[in-house]
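In what follows, a structure is listed as structure tokens, so that the remarks can point back to it.
Protein chains get the first letters and strands the later ones, always in sequence-line order, with residue 1 at the start of each. Just so it is clear, the model here is predicted, and its values are computed rather than measured.
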2 protein chains.
Amino acid sequence: MNKDERSFLINMLERHDNLSDEERQAIIALPARMRSFASGEELVAEDSRPEEACLIVEGFAARAQYLANGKRQISAVHIPGDFVDLHSMLLKTMDHAVIAVGPCRAAFVPHGNLRRLTETHPHLTRLLWHTTLVDAAIQRAWIVSLGRMSAEQQMGHLLCELYTRLRAVGVIEGDSFDFPPTQAMIGDMLGMSTVYVNKTLANLRSTGYVEWQDRRVRIVDYERLAEMAEFDPRYLNLWREPR
Amino acid sequence: MNKDERSFLINMLERHDNLSDEERQAIIALPARMRSFASGEELVAEDSRPEEACLIVEGFAARAQYLANGKRQISAVHIPGDFVDLHSMLLKTMDHAVIAVGPCRAAFVPHGNLRRLTETHPHLTRLLWHTTLVDAAIQRAWIVSLGRMSAEQQMGHLLCELYTRLRAVGVIEGDSFDFPPTQAMIGDMLGMSTVYVNKTLANLRSTGYVEWQDRRVRIVDYERLAEMAEFDPRYLNLWREPR
DNA sequence: CGGCGCGTTGATTACTGTCAAACGGTGTGG
DNA sequence: CCACACCGTTTGACAGTAATCAACGCGCCG
């Protein structure tokens, strides 16, 4: 990994706790294969048994699962610094695909190297484990959103989540960010039809809390948006709490 | 932990990989406080910062999150052998409550002891990490269910999940099992109103694949139920795949 | 007996999906 | 340069799904 690429992972892990120089070196020493993907392309296939784990370096990716009737559900959106399928190191078979949401770049790190790291570095292991637990907390928030929130709340919650996470990795410019999915993809995230996504989006825009055009989202009034969507960022564990 | 209680955890972990005698001893040596709960009682409160992790020994528990309007969403159902809030060891603050679904018994294990275990036993750490990853895979399946499945499929999927997991821990008698939640609680699991749960349940019963009365579920035709609900148990990682 | 919790049913309302059509931008070939 | 196809967005009409409201039955327990 070069400086740019490793910095995302190191920042990600340091967000939660300090790394020693030795730990930082161990991460920098990880081999990584960089690859680029066009929107909609598959980074990792469902039911595959990857030999590498995939770290997003630029752009967005998503976890997607396909149903018999051709429908699709996205269960997470990933941003730079996210180890999308770190779990594949232990679970072996992918229960979902990973697809590019807009053009993206990813680093693929061999499981073997990661595994050796976990055998020799308990503290790093705990930090990696921690990232997968935050990931699970995000999934729980999606379950609540899908199960009990209005369409507008769901969409607002998603935007708040992304806004907050993107700001934590420092890729927010001012109060706006690029978000490239089509409305059909957003429907797959929120469990809605494309048409209804469009109408919900129109409602959301009419509140004035959010502007969203040409794949660019601007959070005009975060406070009210968060209140409306019952978004409380604590579950993202973005503050520092060393162990 | 006495023999009965520890056996669930050991079985749980050994389901995935063999434990050495030393590892088994280390688990048996863990201190545990046993507690019993009545249906609906809270084992762990939302927003609390537990000092112990909670292992279900008997009965069912669920993760629940509450919304401003008083609604509730359950994001997971737990059975004997499940470490419901192992993540609280690393995440510190609970993003959900844990409630009893029917009467249940749980062992509370201090975080400090678990943490020391992870510092000295990389292999056990990996197995514990693994259980949290399976947990996350189950949550992904719930997301797909909530987002894209019909009410009948959702209910069928939940029953298949429970049937399969319960069989893995050996608490299925024949083809049926006790499942004590009220229809209101089931609504909180599936994101439905109580009335609609009742009507969906009637539809499901009319297929003949399932019988469900007096808190007892009987899986009459698992094959067809699984097909109807697009249930594929591979994501539960119940087979053995040592690392 | 009477209240309460839970399950069940029917009527009504609200939400969301499907179908269909039109609009605008973009890239390609003639 | 224009015509055209393609993709994504937007809009309206309609159908199906699910929530809400209300009432009733049943068993349990004080």
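Taking every heavy atom of residues 153-162 of chain A and every atom of DNA chain D, no pair lies under 4.0 Å. Of all the residues in residues 177-190 of chain B, B:T182, B:Q183 reach under 4.0 Å from DNA chain C with at least one non-hydrogen atom.
The CG atom of B:L201 sits 10 Å away from the C1' atom of C:dG7 (whole-angstrom rounding). Per the geometry, CG belonging to A:N203 stands 10 Å off P belonging to C:dT16, to the nearest Å. When rounded to the nearest whole Å, the span between CG of B:L146 and P of C:dT16 equals 14 Å. Atom pair A:M149:CE and C:dT16:P shows a separation of 14 Å (rounding to whole Å applied). Spacing between atom CD of B:E152 and atom C1' of D:dT17 amounts to 10 Å, rounded to whole angstrom units. Spacing between atom CZ of A:R215 and atom C1' of C:dT26 amounts to 12 Å, rounded to whole angstrom units.
A search for salt bridge (charged side-chain N to carboxylate O under 4.0 Å, His left out) contacts involving B:E152 returns nothing, not counting sequence neighbours. Residues satisfying the salt bridge (charged side-chain N to carboxylate O under 4.0 Å, His left out) criterion with A:R140, sequence neighbours excluded, are B:D95. Scanning for side chain to side chain contact (heavy atoms under 4.5 Å, CB included) contacts around A:E51 gives an empty result, with sequence neighbours left out. Looking at residues two or more places apart in sequence or on another chain, you find a side chain to side chain contact (heavy atoms under 4.5 Å, CB included) between B:D135 and B:R63, B:H78, B:Q139. Residues satisfying the side chain to side chain contact (heavy atoms under 4.5 Å, CB included) test with A:R216, not counting sequence neighbours, are A:E173, A:S176, A:D178. Residues meeting the side chain to side chain contact (heavy atoms under 4.5 Å, CB included) test with B:E58, sequence neighbours left out: B:R105.
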| query | What do the steps show when you test B:H96 against B:S75 for side-chain hydrogen bond (donor to acceptor under 3.5 Å, both in side chains), and what is the final call? | reply | CA-CA 9 Å; B:H96 63 265; B:S75 54; 5.5 Å; no
| field | Worked check of side chain to side chain contact (heavy atoms under 4.5 Å, CB included) between A:V217 and A:E211 | value | CA-CA 6 Å; A:V217 175; A:E211 291 169 9; over 6 Å; no
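Phosphate proximity of D:dT9 to A:N198: absent, as no side-chain N or O sits under 4.0 Å from OP1 or OP2. For D:dT10, one of the phosphate oxygens OP1 or OP2 lies less than 4.0 angstrom from a side-chain nitrogen or oxygen of A:R205.
Between B:R33 and B:E52 there is a salt bridge, since a side-chain N of the basic residue sits under 4.0 Å from a carboxylate O of the acidic one.
When heavy atoms are screened at a 4.0 angstrom cut-off, A:G191 is found touching the sugar-phosphate backbone but no base atom.
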Residues 225-232 of chain A, side-chain donor-acceptor partners within the protein, below 3.5 Å, at least two apart:
unit_1	atom_1	unit_2	atom_2	d
A:E230	OE1	B:A68	N	2.9
A:E230	OE2	B:A68	N	3.4
A:D232	OD1	A:R234	N	3.1
A:D232	OD1	A:R234	NE	3.2
A:D232	OD2	A:R234	NE	3.0
A:D232	OD2	A:R234	NH2	2.6

Using residues 179-188 of chain B as the side-chain source, report each donor-acceptor pair under 3.5 Å to any protein atom, sequence neighbours left out, with the distance given to one decimal.
unit_1	atom_1	unit_2	atom_2	d
B:T182	OG1	B:A184	N	3.4
B:T182	OG1	B:M185	N	3.2
B:Q183	OE1	B:N198	ND2	2.9
B:D188	OD1	A:R148	NH2	2.7
B:D188	OD2	B:R72	NE	2.9
B:D188	OD2	B:R72	NH2	3.3

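Side-chain atoms of B:D175 never come within 3.5 Å of backbone atoms of B:V220 as a donor-acceptor pair (strictly under, hydrogens ignored). The main-chain N or O of A:R224 is found under 3.5 Å from a side-chain atom of A:D221 such that the two form a donor-acceptor pair.
Where the helix from C:dC1-D:dG30 to C:dG30-D:dC1 starts and where it ends, the local axes point in directions that differ by 20°; five pairs per end, rounded to 10°.
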Could you go over nucleotides 18-24 of chain C and give all protein N or O partners under 3.5 Å, atom names and distances?
none

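Counted by atom type alone, B:Q154 and B:W142 present zero donor-acceptor pairs between their side chains at under 3.5 Å.
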